[in-house]
Amino acid sequence: MRAWIDGDLLSDPTGPAVPVVDHGFTVGDGVFEAIKVVDGLPFALERHLARLQRSAAGLGLPEVDLDAVRRGVRATVEGQDLPLGRVRITVTGGPAPLGSGRGDHPPTIVVVAAPMDPAAPTTTVATVPWPRNERGATAGLKTTSYAENVIALAEAKRRGATEAVFANLQGHLCEGTGSNVFYVVDGELRTPTLASGCLAGVTRALILEWYGGREVDEPLEVVAAASEIFLASTTRDVQGVSRWDGVELEAPGPVTRDALATWRRREPELLGL
Ligand SMILES: Cc1ncc(COP(=O)(O)O)c(C=O)c1O
């Protein structure tokens with residue numbers, strides 16, 4: 001693992017580095033990105049940086065110095081063997097008073113690169129009772145305030161699943177704790193719209209561009225009519241769902257296999273620093 005903070009590579013990447021009064025640490029005032037690395041090359045880096053900038057703007061953080069972030073990515077990825085890895089970029093409000101108000105320090109920028117295990121070919125899902133708030137101030141932003149996801153994922157694991165999926169306040173299918181959902185009904189591939197409150201997943205967008213699919217908001221119960229379901233994310237790529245709340249599904253089903261084949265064929269186009 002290599003870690004970089006505000007321009008410097010850490011000699012001990014697991015040692016202390018962020019001030020205890022950093023607003024990201026004290027109140028979750030920060031944004032982040034997770035980027036896949038294949039053979040030492042980040043995947044879809046510019047798309048992730050664009051989303052980082054959008055998340056920062058949504059949170060009211062100053063414009064992120066993306067050139068500094070690119071330097072951090074290069075410094076952490078280079079010099080280590082990463083056949084498969086993950087880069088994690090975190091930008092916070094920086095040192096601040098101990099309440100919700102921001103201080104006047106510049107943001108903290110952290111980049112970490114570490115090896116990653118390949119995702120399992122299929123996964124299992126549990127839906128959770130807490131709604132995603134599609135009308136909330138942070139809807140659709142990739143913020144470091146992920147405690148709801150932590151609770152939901154723990155509940156899914158308690159129920160023997162590996163991902164938790166939320167409905168939104170309207171009861172519509174929304175997203176997982178770290179993934180977007182695609183499902184097939186009547187032979188048609190569908191996924192919730194961004195108005196559902198889901199994150200604008202980089203993987204989701206590329207599947208829609210490269211493979212197709214219809215964006216539509218439907219009640220969570222629509223999945224009962226699905227012939228197959230898959231999750232999409234940076235760490236999972238296209239991952240078939242073999243069980244959804246106790247219902248067994250063919251995984252990966254024919255559409256999932258086809259989408260994954262398209263993904264594997266096109267993926268090299270977006271690898272690079
Ligand atoms: C809440 C949430 N939804 C969806 C995704 C999938 O997004 P991406 O494909 O950009 O990884 C993530 C990714 O980490 C996420 O945290």
Side-chain angles (χ1 to χ4, degrees), residues 28 30-38 42-56 58-59 69 73 84-91 112 114 116-119 123 125-128 130-134 136-156 162-168 172-183 191-211 213 215 217 220 229-239 241 256 259-260 262-264 266-267 270-271:
V31 295
F32 77 102
E33 284 297 321
I35 303 170
K36 187 170 70 156
V37 176
V38 180
F43 174 71
L45 176 62
E46 291 307 317
R47 287 181 183 244
H48 284 281
L49 294 183
R51 186 173 64 190
L52 184 73
Q53 197 65 279
R54 285 201 306 276
S55 296
L59 220 57
V69 175
V73 171
L84 184 63
R86 170 179 12 202
V87 169
R88 157 88 190 210
I89 302 166
T90 309
V91 179
V112 177
M116 177 171 85
D117 290 331
T123 191
V125 163
T127 56
V128 288
W130 310 286
R132 269 283 193 261
N133 180 357
E134 70 274 25
T138 59
L141 307 179
K142 199 162 169 69
T143 81
T144 57
S145 303
Y146 254 36
E148 284 201 339
N149 291 325
V150 173
I151 294 171
L153 191 56
E155 168 66 7
T162 61
E163 175 62 309
V165 166
F166 298 89
N168 63 15
H172 290 157
L173 177 64
C174 185
E175 66 175 344
T177 65
S179 59
N180 291 108
V181 182
F182 285 77
Y183 57 102
T191 195
T193 73
L194 297 184
S196 74
C198 70
L199 186 75
V202 169
T203 319
R204 172 190 181 279
L206 288 170
I207 291 167
L208 290 172
E209 278 175 48
W210 288 345
Y211 188 73
E215 297 174 81
D217 292 318
L220 177 69
I229 303 173
F230 66 80
L231 302 183
S233 82
T234 291
T235 53
R236 299 170 187 266
D237 293 335
V238 173
Q239 188 184 43
V241 173
T256 307
L260 181 58
T262 303
W263 181 266
R264 290 278 170 258
R266 306 268 328 242
E267 192 180 38
L270 293 184
L271 284 172

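Start at 1 and go down the list; that is how both ligands and their atoms are numbered.
Taking any N or O of Glu175, backbone or side chain, at least one lies under 3.5 Å from an N or O belonging to ligand 1. Below 3.5 Å of separation, one finds no N or O of Ser233 facing any N or O of ligand 1. For the pair His48 and ligand 1, the shortest N or O to N or O distance does not fall below 3.5 Å. Among the atoms of Arg204, none of the N or O lies under 3.5 angstrom from an N or O of ligand 1. The shortest N or O to N or O distance between Val202 and ligand 1 is under 3.5 Å.
Shown in contact with Gly176 at under 4.0 Å from a heavy atom are these atoms of ligand 1, numbered in order with element: 1 (C). Close contacts of ligand 1 with Gly201, meaning ligand atoms under 4.0 Å from a residue heavy atom, involve 7 (O), 8 (P), 9 (O), 10 (O). Listed by atom number, the atoms of ligand 1 under 4.0 Å from Arg132 heavy atoms are 1 (C). Annotation for ligand 1: atoms under 4.0 Å from non-hydrogen atoms of Lys142 are 12 (C), 13 (C), 14 (O), 15 (C), 16 (O).
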Margin query: Before you tell me yes or no, could you show the steps for Arg88 and Thr90 under side chain to side chain donor-acceptor pair (under 3.5 Å), namely the whole-Å CA-CA distance, both residues' side-chain angles and the distance that decides it to 0.1 Å?
Written below: CA-CA 7 Å; Arg88 157 88 190 210; Thr90 309; 3.0 Å; yes
Next item on the list: Could you please spell out the steps behind the side chain to side chain donor-acceptor pair (under 3.5 Å) verdict for Thr193 and Asp217?
Entry: CA-CA 6 Å; Thr193 73; Asp217 292 318; 2.5 Å; yes
Next item on the list: For Tyr146 and Phe32, run ring-ring contact (aromatic ring centres under 6.0 Å, His included): C-alpha distance rounded to whole Å, both residues' side-chain angles, the deciding distance at 0.1 Å, then the answer.
Entry: CA-CA 11 Å; Tyr146 254 36; Phe32 77 102; 5.1 Å; yes
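At a heavy-atom cutoff of 4.0 Å, ligand 1 is contacted by the backbone of Ser179 but not by its side chain. Counting heavy atoms under 4.0 Å from ligand 1, residue Thr177 touches it through the backbone alone. Under 4.0 angstrom from ligand 1, there are no non-hydrogen atoms of Glu148.
Checked for salt-bridge contact, Glu175 and Arg132 meet the test: a charged N lies under 4.0 Å from a carboxylate O. Under the 4.0 Å criterion applied to side-chain N and carboxylate O atoms, Glu33 and Arg51 are assigned as salt-bridge partners.
Protein heavy atom closest to atom 16 (O) of ligand 1, with residue, atom name and distance, is Tyr146 OH, 2.5 Å. In this structure, atom 11 (O) of ligand 1 lies nearest to the protein heavy atom Thr234 OG1, 2.6 Å. Summary of contacts: the protein heavy atom closest to atom 6 (C) of ligand 1 is Asn180 OD1, 3.6 Å. Nearest protein heavy-atom neighbour of atom 9 (O) of ligand 1: Thr203 OG1, 2.6 Å.
The shortest side-chain heavy-atom distance between Glu163 and Thr177 falls under the 4.5 Å cut-off. Taking the side chain as every heavy atom from C-beta outward, Ile89 and His48 never approach each other to under 4.5 Å. Counting only heavy atoms from C-beta outward, the side chains of Leu206 and Phe43 approach each other to under 4.5 Å. Counting only heavy atoms from C-beta outward, the side chains of Lys142 and Val31 never approach each other to under 4.5 Å.
Within the 4.0 Å heavy-atom shell around ligand 1 one does not find Glu33. For the ligand labelled ligand 1, residue Gly178 lies inside the 4.0 Å heavy-atom shell.
A cation-pi arrangement, defined by a distance under 6.0 Å to the six-membered ring centre and an angle within 45 degrees of its axis, is absent between Arg204 and Phe182.
Within 6.0 Å of atom CD in Glu148, 12 or fewer heavy atoms from other residues, nucleotides or ligands are found, so the atom counts as exposed in its surroundings.
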